[in-house]
Amino acid sequence: MASLLSSQFTLPAPKADQLSSLSQKHYFLHSFLPKKTNPAGNSSKSGVKVKCAVAGNGLFTQTTPEVRRIVPERDGSLPAVKIVYVVLEAQYQSSLSAAVLALNKTKRYASFEVVGYLVEELRDANTYKTFCKDLEDANIFIGSLIFVEELALKVKAAVEKERDRLDAVLVFPSMPEVMRLNKLGTFSMSQLGQSKSPFFQLFKKKKSSAGFADSMLKLVRTLPKVLKYLPSDKAQDARLYILSLQFWLGGSPDNLQNFLKMISGSYVPALKGTKIEYSDPVLFLDSGIWHPLAPCMYDDVKEYLNWYGTRKDVNEKLKGPNAPIVGLVLQRSHIVTGDESHYVAVIMELEASGAKVIPIFAGGLDFSGPVERFLIDPVTKKPYINSVVSLTGFALVGGPARQDHPRAVEALGKLDVPYIVAVPLVFQTTEEWLNSTLGLHPIQVALQVALPELDGGMEPIVFAGRDPRTGKSHALHKRVEQLCTRAIRWAELKRKSKAEKRLAITVFSFPPDKGNVGTAAYLNVFSSIYSVLKELKRDGYNVEGLPETSEALIEEVIHDKEAQFSSPNLNVAYKMGVREYYDLTSYATALEENWGKAPGNLNSDGENLLVYGKQYGNVFIGVQPTFGYEGDPMRLLFSKSASPHHGFAAYYSFVEKIFQADAVLHFGTHGSLEFMPGKQVGMSDVCFPDSLIGNIPNVYYYAANNPSEATIAKRRSYANTISYLTPPAENAGLYKGLKQLSELISSYQSLKDSGRGPQIVSSIISTAKQCNLDKDVDLPDEGAEISAKERDLVVGKVYSKIMEIESRLLPCGLHVIGEPPSAMEAVATLVNIAALDRPEDGILSLPSILAETVGRDIEDVYRGSDKGILKDVELLRQITEASRGSITAFVERTTNNKGQVVDVTNKLSSILGFGINEPWVQYLSSTKFYRADREKLRTLFEFLGECLKLVVADNELGSLKQALEGKYVMPGPGGDPIRNPKVLPTGKNIHALDPQAIPTTAAMQSAKVVVDRLVERQKVDNGGKYPETVALVLWGTDNIKTYGESLGQVLWMIGVRPIADTFGRVNRVEPVSLEELGRPRIDVVVNCSGVFRDLFINQMNLLDRAIKMVAELDEPEELNYVRKHALEQAKTLGIDVREAATRVFSNASGSYSSNINLAVENSTWNDEKQLQDMYLSRKSFAFDSDAPGAGMTEKRKVFEMALSTADATFQNLDSSEISLTDVSHYFDSDPTNLVQNLRKDGKKPSAYVADTTTANAQVRTLGETVRLDARTKLLNPKWYEGMMSSGYEGVREIEKRLTNTVGWSATSGQVDNWVYEEANSTFIQDEEMLNRLMNTNPNSFRKLVQTFLEANGRGYWETSEQNIEKLRQLYSEVEDKIEGIDR
């Protein structure tokens, strides 16, 4: 028993030559090893500190197949049999080795030699050579679960060479290419390509409900009966294959011993005459309940629970009705092969912490059946358990092969408890994982973190490691403890009464300032918190003393009238003494390296650490401290981010240990906790996000359109993310001069052939100049004589520009949780949903149906309109108007007089029933499109009806209450509701996508279009020359929303195409010939955001391999710029071409952003050079596909040289509602001015922005995009009035747009003077506006004034002296006002 409780493991004493891969830092290892340190480690060598840069071969694992090699003493009298095996995981290693040793001990029949390889080890060239060599004299080859394409192909190539010579080849479930290698006598699978065999059907069925492995198991049981009817020797061979599979799935040393006897006796020529006795496979249950102390496996819950009740080794409390119950999901192969010590540790830890355990297992890869069978009471349909933890790491249905997520979600929905998926290390040993900055191996992240998230799995905690010698799993005690505590804390939420639950709501404040408390993307934070608290109060939570209005709530949190402590900043909820802080915060000393001793000067009064916030009954609303280094230019330059400061740690210690929260609710997108330093995924207990969140269940409201950062919050702060809607979008519309222009254009159209034409054109030209459109459109001089044709063209171009501004989408106001949009507010969203073709659903877009009616193709109309051809611009306007009109008519019919959508389904069926009365048909009958195709329209409007239901559905509060009650929150994709309406309704647990599934074919199609337009545009701007290098940015969210379009753009620039494997996963590329490409291959410098790096490390690997492959192609340099530059750089730097072709960069692991955004938001920078240094120092970490295990390594020289060849910089906008000045991360990643400084000729590169958010994809210059943005947002009354209606938060949003505009001036210099001038006259010259801003949020208004003064002081805005004088005067007025309030 004792040995079960502390299944200790110790590391072997390192030999000198192993030191490179073994770090001797006890600091890391202490947390996993039992308390006694291994005396062997304390030898003279223990002082050696080894730098863990690139271990050994730079791959993820340094383990070697030699630990799996057994060579018997040669006994001349016995024939020799050599077995080579390749497996995905190491759990078979100990059992196979035991079987072989036992066989050799008997010295009968034969002497067996065996050697095994883990798939991952074959990446290493030398190991692969040894593998091929081992096959040359092998008798038997065995492979199992080989699902990683690039490695599967290596195995296939090696075994194929030897296949005819080998006596037997046995491959168990793997990719079809490898399965076809099977050969036992006459039995082989290679003919299965043409056959109807049930075996091959398994691979064909993409959507098999029971999952691949389950049908495989059924086959194994039924086939021996079927084989009776086949000719004898064929049947015999097939029967032995099935028996082999049974032996293998049985996995115990006995089963494997009999398996080897059977195969060698039947197929090894030297043993043909010998009669070798073997027993039939010992079959274990395929699925059931297993407990290490139980006398047997159970296939009935009642029996198991009866046994549990009779246990003598546990106290009565554990058997009582009040103990929490946790379900565990285990992998059968670990149990049967005896590699289960990590499972035992979890069971023991849970029981020691007072929880009852029901551990279920399944033999196939489909756990949905066992979950429903063993964890749900068949009579009451209620779960037996309060939370469930999967220790397999795999998706619930389908493991590493094909997943069936809907089936998994259905089973978990019935179970309705929190679902945690913990991760055992598979490809790395414990030590390798500890030393890795990346954390988990990328392929393991894809299989065991990303896929379970699609089932709604959360908390990917690494709980088990792997021993490099025996290949066995062992528990990591501290992680197991944390995993079990968290599982019990989630279970408690299901059991506690609402009145006693304690909730800590955490709001953010970026940049730190009183005017910024409660920042979150698109969210009116305080109104939302207010509506959440009212609902919780109604529901029975204790929310004592909640004020009457949300404004009063803001006042109390920011500035409490009855505050216990006087504070110039925010209301102080708690003062934590330094001593108390060190007692509560075990990792506090680790923060001293960056911040000195506590309390420091952040969130402190010099003696105590201060926690800001306010408590209402059992609810605490607290303000999360900020990073702490945003005001320090020196710290912003560091390439690796600093640890959290003491005030930050004190906040979370307070929430967990003093306030004793049952759950924390992080309110809105997004805070800093999940962006603190530590491993990217699969953190250890010295990673800061892990230490900070501790054991508190974390619920997180996240914007539905930001799945990438939501995923970081899930993986690094163990959050249960709940999506909220972005505010309903509207068209920007026209105002002031732009409106006048549109009236002039319509009078031109009716009067152009009369004598007044030329006169109207000259007023159009002068008005356009007043509106500063002369930057976007070539306008002739006002009095110049121009022909009628040219007049049409000028008017057409101006008209096209105005239409572009008018139809831009902008989010109006800010969203409030629990207030879904009204139906009419949803019209603009529906119009945009209707504008996209959806070929996969057989739905044509409304514009293309309407264009067809008048005999045009919509693409031609878009092209013509872009060129400014007047009749096309006019037609496009009519199409747009007809789309809006018919959709408005449709929505009006499904809403009641209050503007709410009523019972859509009934209304719809009545509408769709009568052909003639369909509201859209009625509307179109009075336009030129009356002939539109009824059938196509009906299909489209049925789809729009579904979408309308989703837009107005509201589950954001419902899901929060479910999470707080310890229920399962339904998972759903995050992304752009317009592209992917499945994002709706909100209130889902957001997930990203399978990272190996991108780029999709459709994304490649769109990518080609954008690249071709970009190259064409650049040729025009660059005197007919192709750009040699494009510097571009890859964003996480954008690639999730578009399924990898921008990734596809990079691949198409260098001229390669992605190749998908049989499971549709992209792990390979091949070059496109220069003939097909029709242009030179363009060099790229790829800057990946930190979030992209975390989510898509596999794709970074793919890109790096692609670029290096292109650099090595034997092609003329003038047609392959990648090669041209790589050769030049290799020569200059004295390195080889592959290294010189390094083009994929990001931040160091665990760091995010270039910090330019922080510097600009906090005005902590001296000059542009300082910003450029920040970019270079933080963004110059490269990913190297030749040494993927090394993580991100600094290669600043190559980075600078590659950037210095850039002719253009390029970014993608990812959604209609976020544009360049809405968020700071776009300019944070913009290298335009930096490239100009690095180029030898000092020429400024062209800067472009692709916008694929609408059906008519555009590539604009950065300048055009900034102007479009200013006109549609900052200077647009519709937008700023919408913001002002949100009060306090709205003023901040206006200030943020201006600050971001200054950011663009600083990084690219592409902001025109008039933008600042107009902003000044809108917000400062207008007295009434000025007073509204000043009274609503004086702190944000002060920042607005400061930003105007800064823009002028830095030379980005030239204006009159009296404007500046007025701003200075205002600044001191608002200062006094704030001081006055505070006094």
Side-chain angles (χ1 to χ4, degrees), residues 637 639 1014-1015 1018-1019 1021-1023 1025-1034 1049-1050 1053-1054 1080-1089 1103-1104 1107-1108 1110-1111 1117-1147 1154 1156 1167-1184 1192-1211 1227-1249 1261-1262 1306-1310:
L637 270 171
S639 63
L1014 173 73
V1015 171
Q1018 170 69 3
K1019 267 177 78 174
D1021 300 353
N1022 196 22
K1025 290 209 298 283
Y1026 282 106
E1028 290 202 3
T1029 306
V1030 176
L1032 44 84
V1033 186
L1034 289 182
Q1049 292 163 358
V1050 183
M1053 283 179 197
I1054 60 173
R1081 300 186 194 280
I1082 294 166
D1083 196 1
V1084 289
V1085 186
V1086 186
N1087 166 16
C1088 304
S1089 72
L1103 272 182
D1104 189 62
I1107 293 166
K1108 288 177 175 164
V1110 168
E1117 288 180 25
E1118 67 279 4
L1119 291 176
N1120 181 339
Y1121 297 137
V1122 185
R1123 182 167 175 77
K1124 174 180 168 184
H1125 298 152
L1127 288 169
E1128 288 166 8
Q1129 288 150 7
K1131 203 166 135 193
T1132 316
L1133 297 171
I1135 51 182
D1136 65 15
V1137 173
R1138 273 186 84 78
E1139 192 179 338
T1142 300
R1143 297 285 184 271
V1144 184
F1145 297 91
S1146 183
N1147 296 70
S1154 71
I1156 291 175
D1167 53 13
E1168 289 178 11
K1169 174 154 184 358
Q1170 190 185 348
L1171 297 180
Q1172 292 166 16
D1173 283 344
M1174 273 155 56
Y1175 189 94
L1176 287 172
S1177 113
R1178 288 185 60 87
K1179 284 287 184 187
S1180 57
F1181 288 77
F1183 183 80
D1184 181 0
M1192 309 300 302
T1193 3
E1194 190 165 18
K1195 296 206 176 149
R1196 179 156 170 175
K1197 209 65 220 134
V1198 184
F1199 186 47
E1200 289 185 17
M1201 287 188 74
L1203 278 174
S1204 72
T1205 62
D1207 298 307
T1209 63
F1210 176 62
Q1211 298 207 42
F1227 72 77
D1228 180 73
S1229 284
D1230 169 58
T1232 309
N1233 281 355
L1234 166 63
V1235 170
Q1236 179 178 11
N1237 276 355
L1238 292 172
R1239 280 183 71 102
K1240 294 197 182 73
D1241 58 5
K1243 184 173 146 243
K1244 195 177 201 114
S1246 325
Y1248 300 103
V1249 176
T1261 64
L1262 180 57
T1307 63
S1308 71
Q1310 303 272 330

_For Lys1108, give me all partners under side-chain hydrogen bond (donor to acceptor under 3.5 Å, both in side chains), at least two apart in sequence or on another chain._
Asp1104, Asp1184

*asked:* Less than 4.5 Å apart, side chain to side chain, heavy atoms only: is that true for Leu1133 and Lys1197?
replied: yes

*Report yes or no: is the cationic atom of Lys1019 (NZ for Lys, CZ for Arg) closer than 6.0 Å to the six-membered ring centre of Tyr1026, at no more than 45° off its axis?*
yes

_Considering all heavy atoms, the nearest Ala1130-Ala1140 contact_ = N-CB, 3.6 Å

*Please name the pair of heavy atoms, one in Leu1171 and one in Ala1306, separated by the smallest distance, quoted to 0.1 Å.*
CD1-CB, 3.7 Å

*Qualifying salt bridge (charged side-chain N to carboxylate O under 4.0 Å, His left out) pairs, either residue in residues 1240-1249, two or more places apart*: Arg1239-Asp1241

*Are any non-hydrogen side-chain atoms of Val1084 and Ile1054 less than 4.5 angstrom apart?*
yes

*Partners of Tyr1248 by side-chain hydrogen bond (donor to acceptor under 3.5 Å, both in side chains), sequence neighbours excluded?*
Gln1018, Asp1021

_SG on Cys1088 to NZ on Lys1179, rounded to 0.5 Å_ = 8.0 Å

*Pairing residues for Phe1145 by the ring pair (Phe, Tyr, Trp, His ring centres under 6.0 Å) criterion, not counting sequence neighbours*: Phe1199

*asked:* What I want to check is whether the side chains of Tyr1175 and Asp1228 have a donor and an acceptor closer together than 3.5 Å.
replied: no

*Quick one: pull up CD in Glu1200 and CD in Gln1172 and give me the separation to the nearest 0.5 Å.*
10.5 Å

*So, do Val1235 and Ser1204 sit near enough that their side-chain heavy atoms are less than 4.5 Å apart?*
no

_I want to check something: taking the side chain as every heavy atom from C-beta on, are Ser1180 and Lys1195 in contact at a cut-off of under 4.5 Å?_
no

*Examine distances only and state if a side-chain atom of Asn1120 and a backbone atom of Val1110 form a donor-acceptor pair shorter than 3.5 Å.*
yes

_side-chain contact (heavy atoms from CB on, under 4.5 Å) partners of Thr1029, counting only residues at least two apart_ = Asp1083, Val1085, His1125, Thr1205, Ala1206

*Go through the structure and list residues passing side-chain contact (heavy atoms from CB on, under 4.5 Å) with Asp1173, not counting sequence neighbours.*
Leu637, Lys1169, Arg1196

*Sequence-distant partners of Thr1307, side-chain hydrogen bond (donor to acceptor under 3.5 Å, both in side chains), two or more places apart*: Asp1230

*Under the side-chain contact (heavy atoms from CB on, under 4.5 Å) test, which residues partner Ala1247, sequence neighbours left out?*
Thr1209, Thr1232, Leu1262

*Side-chain touch Pro1245/Asp1207, heavy atoms, less than 4.5 angstrom*: no

*Pairwise side-chain contact, Asp1136 with Glu1139, heavy-atom cut-off 4.5 Å (strictly under)*: yes

*Among all residues two or more places apart in sequence or in another chain, which pass the salt bridge (Lys or Arg N to Asp or Glu O under 4.0 Å) test with Arg1138?*
Glu1112, Asp1186

*Locate the shortest heavy-atom distance separating Ala1202 from Arg1143; write the atom from each residue and the value.*
CB-NH1, 4.0 Å

*Could you walk me through whether Lys1124 and Glu1118 pass salt bridge (charged side-chain N to carboxylate O under 4.0 Å, His left out), step by step?*
CA-CA 7 Å; Lys1124 174 180 168 184; Glu1118 67 279 4; over 6 Å; no

*Any sub-3.5 Å donor-acceptor pair from Asn1233's side-chain atoms to Gln1236's backbone N or O?*
no

*Shortest non-hydrogen contact between Met1192 and Asn1147, atoms and distance*: CG-O, 3.6 Å

*salt bridge (Lys or Arg N to Asp or Glu O under 4.0 Å) with Arg1081: which residues, sequence neighbours excluded?*
Glu1115

_Nearest 0.5 Å, please: how far is CD in Gln1049 from CG in Leu1014?_
8.0 Å

*Residue list, salt bridge (Lys or Arg N to Asp or Glu O under 4.0 Å) with Glu1117, at least two apart or on another chain*: none

*Side chains of Ile1082 and Val1015 in contact at under 4.5 Å (non-hydrogen atoms)*: yes

*Mind checking what makes side-chain hydrogen bond (donor to acceptor under 3.5 Å, both in side chains) contact with Lys1131, not counting sequence neighbours?*
none

